[in-house]
Amino acid sequence: MLHNETRTYLRGRKPSLIPDGIENIDHLIQKQPDITLKEIIETLGLHVSDETVRKAILKLGYVYKKKSLHASEQECPRCQGKEKELGQTHVGIRYKQSGLS
(Lines give C-alpha, C1' and ligand atoms only; values in the text may rest on other atoms or scores of the structure.)
Protein backbone atom coordinates (compact mmCIF):
# COMPACT_ATOMS: atom_id res chain seq x y z
CA MET A 1 0.00 0.00 0.00
CA LEU A 2 1.35 3.48 -0.93
CA HIS A 3 1.54 6.17 1.69
CA ASN A 4 0.01 9.48 0.83
CA GLU A 5 2.93 11.81 1.57
CA THR A 6 2.63 15.57 1.63
CA ARG A 7 4.82 17.13 -1.01
CA THR A 8 5.91 20.34 0.65
CA TYR A 9 8.57 21.03 -1.99
CA LEU A 10 5.80 21.84 -4.50
CA ARG A 11 4.40 24.65 -2.36
CA GLY A 12 5.28 28.33 -2.34
CA ARG A 13 6.59 30.69 -4.94
CA LYS A 14 8.75 29.24 -7.67
CA PRO A 15 12.14 30.88 -8.41
CA SER A 16 12.19 33.30 -11.36
CA LEU A 17 15.66 32.21 -12.41
CA ILE A 18 16.55 28.56 -12.74
CA PRO A 19 20.11 27.49 -11.82
CA ASP A 20 21.07 27.37 -15.53
CA GLY A 21 20.01 31.01 -15.88
CA ILE A 22 22.18 32.01 -12.95
CA GLU A 23 25.15 30.13 -14.45
CA ASN A 24 24.60 31.93 -17.76
CA ILE A 25 24.67 35.28 -15.94
CA ASP A 26 27.94 34.26 -14.25
CA HIS A 27 29.56 33.31 -17.59
CA LEU A 28 28.36 36.55 -19.20
CA ILE A 29 29.83 38.68 -16.39
CA GLN A 30 33.14 36.79 -16.61
CA LYS A 31 33.32 37.60 -20.34
CA GLN A 32 32.25 41.24 -19.93
CA PRO A 33 32.72 42.54 -16.36
CA ASP A 34 31.32 46.02 -17.11
CA ILE A 35 28.00 44.75 -18.51
CA THR A 36 24.83 46.42 -17.26
CA LEU A 37 21.72 44.74 -15.84
CA LYS A 38 19.70 45.72 -18.91
CA GLU A 39 22.36 44.23 -21.22
CA ILE A 40 22.33 40.97 -19.24
CA ILE A 41 18.55 40.72 -19.53
CA GLU A 42 18.59 41.52 -23.27
CA THR A 43 21.54 39.26 -24.11
CA LEU A 44 20.13 36.23 -22.31
CA GLY A 45 16.51 36.96 -23.26
CA LEU A 46 15.37 36.81 -19.64
CA HIS A 47 11.79 37.63 -18.65
CA VAL A 48 12.62 38.92 -15.17
CA SER A 49 13.04 42.32 -13.52
CA ASP A 50 16.30 44.20 -13.01
CA GLU A 51 16.01 43.54 -9.28
CA THR A 52 15.85 39.76 -9.83
CA VAL A 53 19.07 39.87 -11.87
CA ARG A 54 20.74 42.19 -9.34
CA LYS A 55 19.94 39.76 -6.50
CA ALA A 56 21.27 36.82 -8.54
CA ILE A 57 24.52 38.72 -9.20
CA LEU A 58 24.92 39.45 -5.49
CA LYS A 59 24.29 35.78 -4.65
CA LEU A 60 27.06 34.86 -7.10
CA GLY A 61 29.42 36.97 -4.98
CA TYR A 62 29.92 39.90 -7.34
CA VAL A 63 30.21 43.48 -6.20
CA TYR A 64 30.29 46.63 -8.30
CA LYS A 65 33.31 48.86 -8.00
CA LYS A 66 32.86 52.35 -9.33
CA LYS A 67 35.81 53.98 -11.04
CA SER A 68 36.37 57.70 -10.94
CA LEU A 69 35.80 59.55 -14.18
CA HIS A 70 38.25 61.85 -15.86
CA ALA A 71 36.76 64.10 -18.51
CA SER A 72 38.61 64.02 -21.80
CA GLU A 73 38.08 67.79 -22.11
CA GLN A 74 40.52 68.33 -19.24
CA GLU A 75 43.35 66.95 -21.36
CA CYS A 76 43.13 69.48 -24.18
CA PRO A 77 43.11 73.24 -23.72
CA ARG A 78 39.96 75.00 -24.92
CA CYS A 79 41.97 77.87 -26.33
CA GLN A 80 43.30 75.66 -29.15
CA GLY A 81 39.79 75.34 -30.58
CA LYS A 82 40.12 71.59 -30.91
CA GLU A 83 37.24 69.56 -29.56
CA LYS A 84 37.48 65.86 -29.00
CA GLU A 85 34.58 63.62 -29.82
CA LEU A 86 33.13 62.09 -26.67
CA GLY A 87 33.16 58.32 -26.63
CA GLN A 88 31.67 55.76 -24.30
CA THR A 89 33.09 56.17 -20.81
CA HIS A 90 33.94 53.17 -18.67
CA VAL A 91 32.46 53.73 -15.23
CA GLY A 92 32.91 50.50 -13.35
CA ILE A 93 33.62 46.81 -13.25
CA ARG A 94 32.14 43.79 -11.51
CA TYR A 95 34.39 41.37 -9.68
CA LYS A 96 33.89 38.50 -7.30
CA GLN A 97 34.76 39.06 -3.70
CA SER A 98 37.20 36.67 -2.14
CA GLY A 99 35.99 34.66 0.83
CA LEU A 100 38.70 36.25 2.98
CA SER A 101 38.07 39.34 5.05
request  = Using the test side-chain hydrogen bond (donor to acceptor under 3.5 Å, both in side chains), find all partners of Ser16 that sit at least two apart in sequence or belong to another chain.
outcome  =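 Expected list: none.
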key: Common cluster, Leu58/Val53, ILVMFWY with side-chain heavy-atom separation under 4.5 Å   =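 Different hydrophobic clusters.
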key: Nearest non-hydrogen partners of Ile35 and Glu39, listed with the distance   =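 Taking every non-hydrogen atom into account, CG1-OE1, 3.3 Å.
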ask   = Where is the tightest heavy-atom contact between Leu28 and Ile40, given as atom of each residue plus distance?
value =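 That closest heavy-atom pairing would be CD2-CA, 4.0 Å.
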Set of residues satisfying side chain to side chain contact (heavy atoms under 4.5 Å, CB included) with respect to Glu51, sequence neighbours excluded =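 Expected list: Ser49, Arg54, Lys55.
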request  = Run through the side-chain heavy atoms of Ile, Leu, Val, Met, Phe, Trp and Tyr, join any pair under 4.5 Å, and report what else lands in Ile18's cluster.
outcome  =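 Noted: Ile18 shares its cluster with no other residue.
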query = Can you check whether Thr52 reaches Leu46 side chain to side chain, under 4.5 Å on heavy atoms?
reply =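 Heavy-atom side-chain distance check fails, nothing below 4.5 Å.
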query = Is there any salt bridge (charged side-chain N to carboxylate O under 4.0 Å, His left out) pair reaching into residues 17-29, and which pairs are they, with sequence neighbours excluded?
reply =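 Sorted result for residues 17-29: Asp26-Lys96.
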request  = Sequence neighbours left out, what passes salt bridge (Lys or Arg N to Asp or Glu O under 4.0 Å) with Lys38? Give chain and number order.
outcome  =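 Lys38: salt bridge (Lys or Arg N to Asp or Glu O under 4.0 Å) contacts with Asp50.
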query = Rounded to the nearest 0.5 Å, what separation is found between the CG atom of Asn24 and the CD1 atom of Ile29?
reply =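 Nearest 0.5 Å value for the CG-CD1 distance: 11.0 Å.
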